[in-house]
Amino acid sequence: EGKVVESGGGAVQPGESLRLSCRASELRWSTYGMAWVRQAPGKGLEWVSAIYSDFKGPYYDDSVKGRFTISRDNAKNMVYLQMDKLKPEDTAVYYCAADQDFRVEWLVANRPNPLKEDLAYWGQGTQVTVSS
């Protein structure tokens, strides 16, 4: 089975930046979409961003558009989330998740609130805390 590991979380003040990294091994990388999903305290899972292996452009939730940037490096099996201008409401556990491209694309477009059983691979999560 594939293995997904994310890192890069931490505690920062509002307006500061963090960069999350995710490595996905033992996957047919070129056929997979990758997503960042977060869970704030007391809330369910929320899509943050997604990037695909086909022509389709990346997805950003409206709450992070213009502040977060997703990218991938297929040669290194890595995906990144650059988070700038962080706000207290960004505080959450951030998960890296992966599945076949068509599955991720469909879920992002049609299922506003993901469940872990929706996607095949999940990392352990990394905590992001934004407070003054």
Side-chain angles (χ1 to χ4, degrees):
E1 297 180 354
K3 185 175 181 179
V4 178
V5 179
E6 65 269 78
S7 62
V12 298
Q13 295 182 333
E16 295 183 340
S17 298
L18 286 171
R19 187 190 190 218
L20 306 184
S21 299
C22 173
R23 178 180 292 277
S25 62
E26 302 179 24
L27 299 174
R28 189 177 177 183
W29 188 258
S30 63
T31 70
Y32 275 76
M34 305 293 296
W36 289 98
V37 179
R38 68 186 180 187
Q39 186 168 27
K43 300 178 70 175
L45 294 168
E46 301 176 322
W47 299 110
V48 178
S49 186
I51 190 165
Y52 311 105
S53 62
D54 61 12
F55 68 92
K56 193 175 184 67
Y59 164 84
Y60 297 99
D61 184 78
D62 286 342
S63 67
V64 307
K65 193 173 297 182
R67 299 189 297 119
F68 291 10
T69 304
I70 192 170
S71 61
R72 69 189 297 170
D73 185 339
N74 286 344
K76 298 180 179 179
N77 282 6
M78 296 288 293
V79 63
Y80 307 96
L81 186 68
Q82 177 67 41
M83 304 186 295
D84 296 324
K85 302 176 182 178
L86 283 161
K87 303 176 180 180
E89 51 263 44
D90 295 318
T91 296
V93 176
Y94 284 71
Y95 297 93
C96 181
D99 210 328
Q100 293 283 338
D101 246 8
F102 75 90
R103 176 67 173 168
V104 179
E105 292 178 22
W106 189 92
L107 287 168
V108 169
N110 295 282
R111 190 161 294 171
N113 298 305
L115 300 173
K116 285 197 173 182
E117 53 261 42
D118 289 335
L119 294 162
Y121 303 102
W122 291 82
Q124 80 286 353
T126 185
Q127 177 71 49
V128 172
T129 302
V130 185
S131 65
S132 58

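Along the sequence shown, residues are numbered consecutively beginning with 1.
Gln82 CD to Ser49 OG: the interatomic distance, rounded to the nearest 0.5 Å, is 12.0 Å. Once rounded to the nearest 0.5 Å, the distance linking OH of Tyr94 with CD of Gln39 reads 12.0 Å. To the nearest 0.5 Å, atom CZ of residue Arg38 and atom OG1 of residue Thr126 are 14.0 Å apart. Rounded to the nearest 0.5 Å, atoms NZ (Lys116) and OH (Tyr121) are 16.0 Å apart. Rounding to the nearest 0.5 Å places CD of Gln100 at 14.0 Å from OH of Tyr52.
Partner of Asp99 under the side chain to side chain contact (heavy atoms under 4.5 Å, CB included) criterion, chosen from Asp118, Leu119, Leu107: Leu119.
Linking Ile, Leu, Val, Met, Phe, Trp and Tyr residues whenever their side-chain heavy atoms come within less than 4.5 Å leaves Val130 and Val93 in two separate clusters.
In this structure a side-chain-to-backbone donor-acceptor pair under 3.5 Å is present from Asp90 to Lys87. The backbone N or O of Gln13 sits less than 3.5 Å from a side-chain atom of Glu16, completing a donor-acceptor pair.
Ring-plane geometry between Tyr95 and Trp122 is classed as perpendicular, the angle between the planes exceeding 60 degrees on a 0 to 90 degree scale with a lower cut at 30.
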>> Applying side-chain contact (heavy atoms from CB on, under 4.5 Å) to Tyr80 and Ile70, what does each step give before you reach the verdict?
In response: CA-CA 6 Å; Tyr80 307 96; Ile70 192 170; over 6 Å; no
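Asn77 and Ser25 form no side-chain donor-acceptor contact under 3.5 Å, judged by distance and modelled atom types alone. If you check the side chains of Arg72 and Asn74, you find a donor sitting under 3.5 Å from an acceptor.
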